[in-house]
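Below is one structure, written out as C-alpha coordinates; comments come after it.
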Amino acid sequence: MPELPEVETVRQGLRTWVTGRRIETVEVRHPRAIRRHAPGASHFAAMLAGRTVLDVRRRGKYLWLPLDSGDAVLGHLGMSGQLLMQPPGTPDEPHLRVRFVFADGGPELRFVDQRTFGGLTVSEGGAELPAEIAHIARDPMDPEFSDADFVAALRRRRTEVKRALLDQTLISGVGNIYADEALWRARLHGARPTDALTRPAALRLLGHVRDVLAAATKQGGTSFDALYVNVNGESGYFDRSLSAYGREGLPCHRCGTPIRREAFMNRSSFSCPRCQPRPRIPARG
DNA sequence: CGCAGGCCCTGGTAGC
DNA sequence: TGCTACCAGGGCCTGC
(Lines give C-alpha, C1' and ligand atoms only; values in the text may rest on other atoms or scores of the structure.)
Protein backbone atom coordinates (compact mmCIF):
# COMPACT_ATOMS: atom_id res chain seq x y z
CA MET A 1 0.00 0.00 0.00
CA PRO A 2 2.85 2.43 0.05
CA GLU A 3 2.03 5.18 -2.44
CA LEU A 4 3.74 8.53 -2.82
CA PRO A 5 2.99 9.88 0.70
CA GLU A 6 4.22 6.72 2.38
CA VAL A 7 7.34 6.48 0.22
CA GLU A 8 8.08 10.16 0.77
CA THR A 9 7.74 9.67 4.53
CA VAL A 10 10.21 6.81 4.35
CA ARG A 11 12.55 8.90 2.19
CA GLN A 12 12.60 11.79 4.64
CA GLY A 13 13.30 9.50 7.57
CA LEU A 14 15.88 7.44 5.75
CA ARG A 15 17.76 10.47 4.54
CA THR A 16 18.58 11.66 8.05
CA TRP A 17 19.80 8.20 9.04
CA VAL A 18 21.97 7.10 6.12
CA THR A 19 23.31 10.18 4.33
CA GLY A 20 27.09 10.36 4.52
CA ARG A 21 27.51 6.86 5.95
CA ARG A 22 29.78 4.22 4.44
CA ILE A 23 28.36 0.76 3.80
CA GLU A 24 30.56 -2.01 5.14
CA THR A 25 28.69 -5.15 4.17
CA VAL A 26 25.35 -6.11 2.64
CA GLU A 27 23.63 -9.38 3.38
CA VAL A 28 20.93 -10.67 1.05
CA ARG A 29 18.62 -12.96 2.98
CA HIS A 30 16.10 -13.75 0.26
CA PRO A 31 16.91 -13.89 -3.48
CA ARG A 32 13.49 -12.64 -4.52
CA ALA A 33 14.21 -9.30 -2.87
CA ILE A 34 16.91 -8.59 -5.45
CA ARG A 35 15.29 -10.36 -8.41
CA ARG A 36 15.62 -7.20 -10.52
CA HIS A 37 19.37 -7.33 -10.00
CA ALA A 38 20.21 -9.83 -12.75
CA PRO A 39 23.86 -10.53 -11.75
CA GLY A 40 22.70 -11.90 -8.41
CA ALA A 41 23.18 -11.46 -4.69
CA SER A 42 26.97 -11.61 -4.42
CA HIS A 43 27.33 -9.05 -7.21
CA PHE A 44 24.74 -6.85 -5.51
CA ALA A 45 26.66 -6.96 -2.23
CA ALA A 46 30.05 -6.42 -3.88
CA MET A 47 28.88 -3.28 -5.66
CA LEU A 48 27.81 -1.73 -2.36
CA ALA A 49 30.59 -2.68 0.03
CA GLY A 50 32.77 0.34 0.84
CA ARG A 51 30.45 2.85 -0.86
CA THR A 52 29.16 5.98 0.84
CA VAL A 53 25.48 6.98 0.64
CA LEU A 54 25.11 10.55 -0.60
CA ASP A 55 21.36 11.13 -0.38
CA VAL A 56 17.93 9.50 -0.63
CA ARG A 57 15.76 10.45 -3.59
CA ARG A 58 12.33 9.51 -4.87
CA ARG A 59 10.25 9.49 -8.03
CA GLY A 60 6.70 8.24 -7.67
CA LYS A 61 6.85 5.13 -5.52
CA TYR A 62 10.53 4.42 -6.22
CA LEU A 63 13.35 5.38 -3.87
CA TRP A 64 17.04 5.45 -4.65
CA LEU A 65 20.23 6.02 -2.69
CA PRO A 66 22.90 7.74 -4.80
CA LEU A 67 26.38 6.42 -3.95
CA ASP A 68 29.85 7.93 -4.23
CA SER A 69 30.53 5.42 -7.02
CA GLY A 70 27.93 7.07 -9.26
CA ASP A 71 25.71 3.99 -8.88
CA ALA A 72 22.56 3.90 -6.79
CA VAL A 73 20.59 1.46 -4.68
CA LEU A 74 17.14 1.50 -6.27
CA GLY A 75 14.18 0.23 -4.29
CA HIS A 76 10.43 -0.28 -4.47
CA LEU A 77 8.40 -1.19 -1.38
CA GLY A 78 5.74 -3.07 -3.34
CA MET A 79 2.81 -3.96 -1.09
CA SER A 80 4.51 -4.62 2.19
CA GLY A 81 8.13 -3.50 1.97
CA GLN A 82 9.69 -1.63 4.88
CA LEU A 83 13.04 0.10 5.25
CA LEU A 84 13.86 0.07 8.95
CA MET A 85 16.77 1.46 10.95
CA GLN A 86 17.76 -0.95 13.72
CA PRO A 87 20.62 -1.03 16.23
CA PRO A 88 23.06 -3.85 15.46
CA GLY A 89 22.12 -6.96 17.37
CA THR A 90 18.39 -6.32 17.20
CA PRO A 91 16.74 -9.72 16.53
CA ASP A 92 16.07 -10.30 12.84
CA GLU A 93 12.54 -9.54 11.69
CA PRO A 94 10.67 -12.63 10.40
CA HIS A 95 10.65 -11.19 6.87
CA LEU A 96 14.10 -9.60 6.83
CA ARG A 97 15.27 -9.71 3.20
CA VAL A 98 18.36 -7.49 3.01
CA ARG A 99 20.62 -6.04 5.71
CA PHE A 100 22.99 -3.09 5.25
CA VAL A 101 25.74 -2.84 7.86
CA PHE A 102 27.59 0.47 8.10
CA ALA A 103 31.28 1.02 8.78
CA ASP A 104 30.58 3.34 11.72
CA GLY A 105 28.93 0.53 13.67
CA GLY A 106 25.71 2.55 13.95
CA PRO A 107 22.14 1.52 13.12
CA GLU A 108 21.67 -1.01 10.31
CA LEU A 109 19.35 -0.46 7.39
CA ARG A 110 17.01 -3.41 6.96
CA PHE A 111 14.70 -4.20 4.07
CA VAL A 112 11.81 -6.19 5.47
CA ASP A 113 9.06 -7.41 3.15
CA GLN A 114 6.34 -9.91 4.00
CA ARG A 115 4.73 -10.32 0.57
CA THR A 116 7.91 -9.88 -1.45
CA PHE A 117 6.37 -7.64 -4.09
CA GLY A 118 9.05 -5.09 -3.32
CA GLY A 119 12.73 -5.29 -4.13
CA LEU A 120 16.13 -3.68 -4.40
CA THR A 121 18.64 -3.47 -7.23
CA VAL A 122 21.89 -1.66 -7.91
CA SER A 123 21.44 0.79 -10.75
CA GLU A 124 24.77 1.27 -12.52
CA GLY A 125 25.42 4.96 -13.04
CA GLY A 126 21.98 5.61 -11.60
CA ALA A 127 22.87 8.22 -8.97
CA GLU A 128 21.12 11.07 -10.80
CA LEU A 129 18.16 9.08 -12.18
CA PRO A 130 18.24 5.29 -12.49
CA ALA A 131 17.72 4.15 -16.07
CA GLU A 132 15.40 1.45 -14.75
CA ILE A 133 12.80 4.10 -13.87
CA ALA A 134 13.42 6.61 -16.64
CA HIS A 135 10.17 5.48 -18.29
CA ILE A 136 8.17 6.45 -15.20
CA ALA A 137 6.50 9.86 -15.37
CA ARG A 138 7.46 12.57 -12.93
CA ASP A 139 5.19 12.65 -9.92
CA PRO A 140 2.86 15.60 -9.30
CA MET A 141 4.98 16.91 -6.42
CA ASP A 142 7.98 17.28 -8.76
CA PRO A 143 8.57 20.98 -9.56
CA GLU A 144 9.18 20.00 -13.19
CA PHE A 145 5.90 18.12 -13.54
CA SER A 146 3.96 19.78 -16.36
CA ASP A 147 0.25 20.13 -15.64
CA ALA A 148 -0.49 21.03 -19.26
CA ASP A 149 1.40 18.02 -20.63
CA PHE A 150 -0.36 15.72 -18.19
CA VAL A 151 -3.81 17.04 -19.10
CA ALA A 152 -3.06 16.68 -22.80
CA ALA A 153 -1.72 13.13 -22.37
CA LEU A 154 -4.69 12.15 -20.18
CA ARG A 155 -7.20 13.37 -22.76
CA ARG A 156 -5.39 11.50 -25.55
CA ARG A 157 -5.92 8.22 -23.72
CA ARG A 158 -8.74 5.89 -24.67
CA THR A 159 -9.31 4.41 -21.25
CA GLU A 160 -11.00 4.95 -17.91
CA VAL A 161 -9.80 7.76 -15.66
CA LYS A 162 -8.90 5.54 -12.71
CA ARG A 163 -6.78 3.32 -14.92
CA ALA A 164 -5.01 6.42 -16.15
CA LEU A 165 -4.31 7.66 -12.62
CA LEU A 166 -2.74 4.31 -11.79
CA ASP A 167 -0.59 4.32 -14.94
CA GLN A 168 2.86 5.30 -13.68
CA THR A 169 3.98 6.32 -17.17
CA LEU A 170 1.34 9.07 -17.17
CA ILE A 171 1.64 10.29 -13.58
CA SER A 172 3.62 8.48 -10.90
CA GLY A 173 3.03 7.95 -7.21
CA VAL A 174 -0.73 7.36 -7.25
CA GLY A 175 -2.04 3.98 -6.14
CA ASN A 176 -5.47 2.56 -5.36
CA ILE A 177 -6.06 4.53 -2.16
CA TYR A 178 -5.22 8.02 -3.40
CA ALA A 179 -6.80 7.42 -6.80
CA ASP A 180 -10.11 6.75 -5.02
CA GLU A 181 -9.65 9.76 -2.74
CA ALA A 182 -8.83 12.13 -5.61
CA LEU A 183 -11.78 10.87 -7.67
CA TRP A 184 -14.10 11.33 -4.70
CA ARG A 185 -12.84 14.90 -4.23
CA ALA A 186 -13.29 15.56 -7.95
CA ARG A 187 -16.75 13.95 -7.94
CA LEU A 188 -15.76 11.68 -10.82
CA HIS A 189 -16.45 7.97 -11.18
CA GLY A 190 -13.30 5.99 -11.99
CA ALA A 191 -14.89 4.51 -15.10
CA ARG A 192 -15.28 7.91 -16.73
CA PRO A 193 -13.61 7.91 -20.15
CA THR A 194 -10.46 10.03 -20.17
CA ASP A 195 -11.07 11.39 -23.65
CA ALA A 196 -14.41 12.84 -22.56
CA LEU A 197 -12.92 14.89 -19.72
CA THR A 198 -12.78 18.59 -20.41
CA ARG A 199 -9.47 20.37 -19.86
CA PRO A 200 -10.82 22.18 -16.76
CA ALA A 201 -12.16 18.91 -15.34
CA ALA A 202 -8.81 17.21 -15.90
CA LEU A 203 -6.97 20.13 -14.28
CA ARG A 204 -9.32 20.03 -11.29
CA LEU A 205 -8.71 16.31 -10.91
CA LEU A 206 -4.96 16.87 -10.98
CA GLY A 207 -5.36 19.53 -8.32
CA HIS A 208 -7.21 17.06 -6.11
CA VAL A 209 -4.56 14.41 -6.67
CA ARG A 210 -1.90 16.87 -5.58
CA ASP A 211 -3.93 18.07 -2.59
CA VAL A 212 -4.63 14.60 -1.24
CA LEU A 213 -1.02 13.48 -1.70
CA ALA A 214 0.21 16.59 0.11
CA ALA A 215 -2.28 16.20 2.96
CA ALA A 216 -1.38 12.53 3.42
CA THR A 217 2.35 13.23 3.33
CA LYS A 218 1.88 15.84 6.05
CA GLN A 219 0.34 13.15 8.26
CA GLY A 220 3.02 10.59 7.58
CA GLY A 221 0.94 8.55 5.14
CA THR A 222 -1.89 6.03 5.53
CA SER A 223 -1.60 2.87 7.60
CA PHE A 224 -4.23 0.16 7.97
CA ASP A 225 -1.99 -2.30 9.72
CA ALA A 226 1.65 -2.78 10.65
CA LEU A 227 2.65 -3.35 7.03
CA TYR A 228 3.33 0.28 6.30
CA VAL A 229 5.57 2.05 8.79
CA ASN A 230 8.26 4.70 8.62
CA VAL A 231 11.94 3.97 9.27
CA ASN A 232 11.30 4.09 13.01
CA GLY A 233 8.48 1.56 12.77
CA GLU A 234 5.72 4.15 13.31
CA SER A 235 2.39 4.27 11.45
CA GLY A 236 0.89 7.25 9.62
CA TYR A 237 -2.42 8.83 10.50
CA PHE A 238 -4.06 9.67 7.19
CA ASP A 239 -6.43 6.68 7.39
CA ARG A 240 -8.51 8.88 9.70
CA SER A 241 -8.89 11.40 6.90
CA LEU A 242 -10.01 9.05 4.12
CA SER A 243 -13.34 9.85 2.49
CA ALA A 244 -13.80 6.94 0.10
CA TYR A 245 -11.20 4.18 0.36
CA GLY A 246 -12.19 1.39 2.73
CA ARG A 247 -15.46 3.13 3.72
CA GLU A 248 -18.01 0.77 2.16
CA GLY A 249 -21.46 1.35 3.68
CA LEU A 250 -20.34 4.40 5.68
CA PRO A 251 -21.94 7.78 4.92
CA CYS A 252 -20.36 10.00 2.30
CA HIS A 253 -18.76 12.97 4.03
CA ARG A 254 -20.55 15.30 1.56
CA CYS A 255 -24.04 13.90 1.08
CA GLY A 256 -24.49 11.05 3.55
CA THR A 257 -25.15 8.39 0.90
CA PRO A 258 -23.48 5.09 1.85
CA ILE A 259 -20.15 4.63 0.06
CA ARG A 260 -20.22 1.78 -2.44
CA ARG A 261 -17.57 -0.77 -3.26
CA GLU A 262 -17.10 -2.06 -6.78
CA ALA A 263 -14.72 -4.55 -8.38
CA PHE A 264 -12.47 -2.62 -10.69
CA MET A 265 -9.24 -3.82 -12.28
CA ASN A 266 -9.29 -6.91 -10.05
CA ARG A 267 -9.26 -4.76 -6.95
CA SER A 268 -11.73 -2.73 -4.92
CA SER A 269 -12.85 0.76 -5.75
CA PHE A 270 -14.79 2.94 -3.34
CA SER A 271 -16.98 5.84 -4.39
CA CYS A 272 -20.15 7.73 -3.55
CA PRO A 273 -23.09 6.56 -5.70
CA ARG A 274 -24.62 10.03 -5.59
CA CYS A 275 -21.58 12.31 -5.94
CA GLN A 276 -19.85 9.99 -8.40
CA PRO A 277 -22.48 8.46 -10.69
CA ARG A 278 -21.35 5.79 -13.12
CA PRO A 279 -20.81 7.17 -16.61
CA ARG A 280 -23.60 6.47 -19.09
CA ILE A 281 -21.09 5.94 -21.87
CA PRO A 282 -18.22 3.66 -20.87
CA ALA A 283 -14.65 4.27 -22.05
CA ARG A 284 -13.63 2.69 -25.31
CA GLY A 285 -11.04 0.01 -24.78
C1' DC B 1 1.89 1.09 -30.46
C1' DG B 2 -1.84 1.35 -26.92
C1' DC B 3 -4.43 -1.03 -23.86
C1' DA B 4 -6.17 -5.03 -20.94
C1' DG B 5 -5.44 -8.76 -18.10
C1' DG B 6 -2.68 -12.43 -15.68
C1' DC B 7 0.70 -13.35 -12.46
C1' DC B 8 3.68 -12.98 -8.48
C1' DC B 9 3.39 -13.52 -2.92
C1' DT B 10 1.94 -14.34 2.17
C1' DG B 11 -0.62 -13.47 6.52
C1' DG B 12 -5.01 -12.57 8.29
C1' DT B 13 -9.67 -13.62 8.30
C1' DA B 14 -14.25 -15.31 6.99
C1' DG B 15 -16.84 -19.31 6.46
C1' DC B 16 -17.92 -24.07 6.91
C1' DT C 1 -11.09 -26.64 16.20
C1' DG C 2 -9.05 -27.01 11.76
C1' DC C 3 -9.29 -26.68 7.17
C1' DT C 4 -10.02 -24.04 2.73
C1' DA C 5 -10.95 -19.95 0.04
C1' DC C 6 -10.34 -15.45 -0.44
C1' DC C 7 -8.41 -10.81 -0.06
C1' DA C 8 -4.96 -6.97 -0.13
C1' DG C 9 -2.50 -4.84 -5.02
C1' DG C 10 2.10 -2.48 -7.90
C1' DG C 11 4.63 -3.52 -11.64
C1' DC C 12 6.20 -6.54 -15.13
C1' DC C 13 5.09 -9.31 -18.90
C1' DT C 14 2.37 -11.08 -22.64
C1' DG C 15 -1.04 -10.98 -26.05
C1' DC C 16 -4.45 -8.82 -28.76
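Residue numbers start from 1 in every chain, and the chains themselves are labelled A, B, ... in the order their sequence lines are given, proteins ahead of strands. All values below come from the heavy atoms of this structure, side chains included, with hydrogens, waters and symmetry mates left out.
Of the side-chain N and O atoms in A:Arg115, none sit less than 4.0 angstrom from OP1 or OP2 of C:dA8. Remark: A:Gln168 is in phosphate contact with C:dG11, judged by side-chain N or O atoms under 4.0 Å from OP1 or OP2. The side chain of A:Thr159 places an N or O atom within less than 4.0 Å of a non-bridging phosphate oxygen (OP1 or OP2) of B:dA4. Phosphate proximity of B:dC3 to A:Arg163: absent, as no side-chain N or O sits under 4.0 Å from OP1 or OP2. Proximity of A:Ser268 to the phosphate of C:dA8: a side-chain N or O atom is located under 4.0 Å from OP1 or OP2. Between A:His76 and C:dG10 there is no side-chain N or O to OP1 or OP2 distance below 4.0 Å.
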> Under the salt bridge (Lys or Arg N to Asp or Glu O under 4.0 Å) criterion, do A:Arg97 and A:Asp113 qualify, and how do the steps go?
Replying inline: CA-CA 7 Å; A:Arg97 307 307 188 191; A:Asp113 190 8; 5.7 Å; no

> Run the side chain to side chain donor-acceptor pair (under 3.5 Å) check on A:Lys162 and A:Ser269 step by step: do they pass?
Replying inline: CA-CA 9 Å; A:Lys162 182 166 176 182; A:Ser269 283; 2.6 Å; yes

>> Between A:Asp104 and A:Arg22, is the salt bridge (Lys or Arg N to Asp or Glu O under 4.0 Å) condition met? List the steps.
In response: CA-CA 7 Å; A:Asp104 57 20; A:Arg22 187 163 61 87; over 6 Å; no

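Along DNA chain B, the nucleotide nearest A:Arg267 and the nucleotide nearest A:Arg156 are compared for position; the residue whose nucleotide lies closer to the 5' end is A:Arg156.
Within the nucleic acid shown, A:Arg261 comes within 4.0 Å of sugar-phosphate atoms alone, with no base atom in reach, counting heavy atoms only.
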Close N or O pairs between protein and nucleotides 12-16 of chain C (under 3.5 Å):
| residue | atom | partner | partner atom | Å |
| --- | --- | --- | --- | --- |
| C:dC12 | OP1 | A:Tyr62 | OH | 2.8 |

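A donor-acceptor pair is defined here as one N or O able to donate and one able to accept, closer than 3.5 Å; such a pair exists between the side chain of A:Thr194 and the backbone of A:Thr159.
Rounded to 10°, the angle separating the first-five-pair axis and the last-five-pair axis of the helix from B:dG2-C:dC16 to B:dC16-C:dG2 equals 50°.
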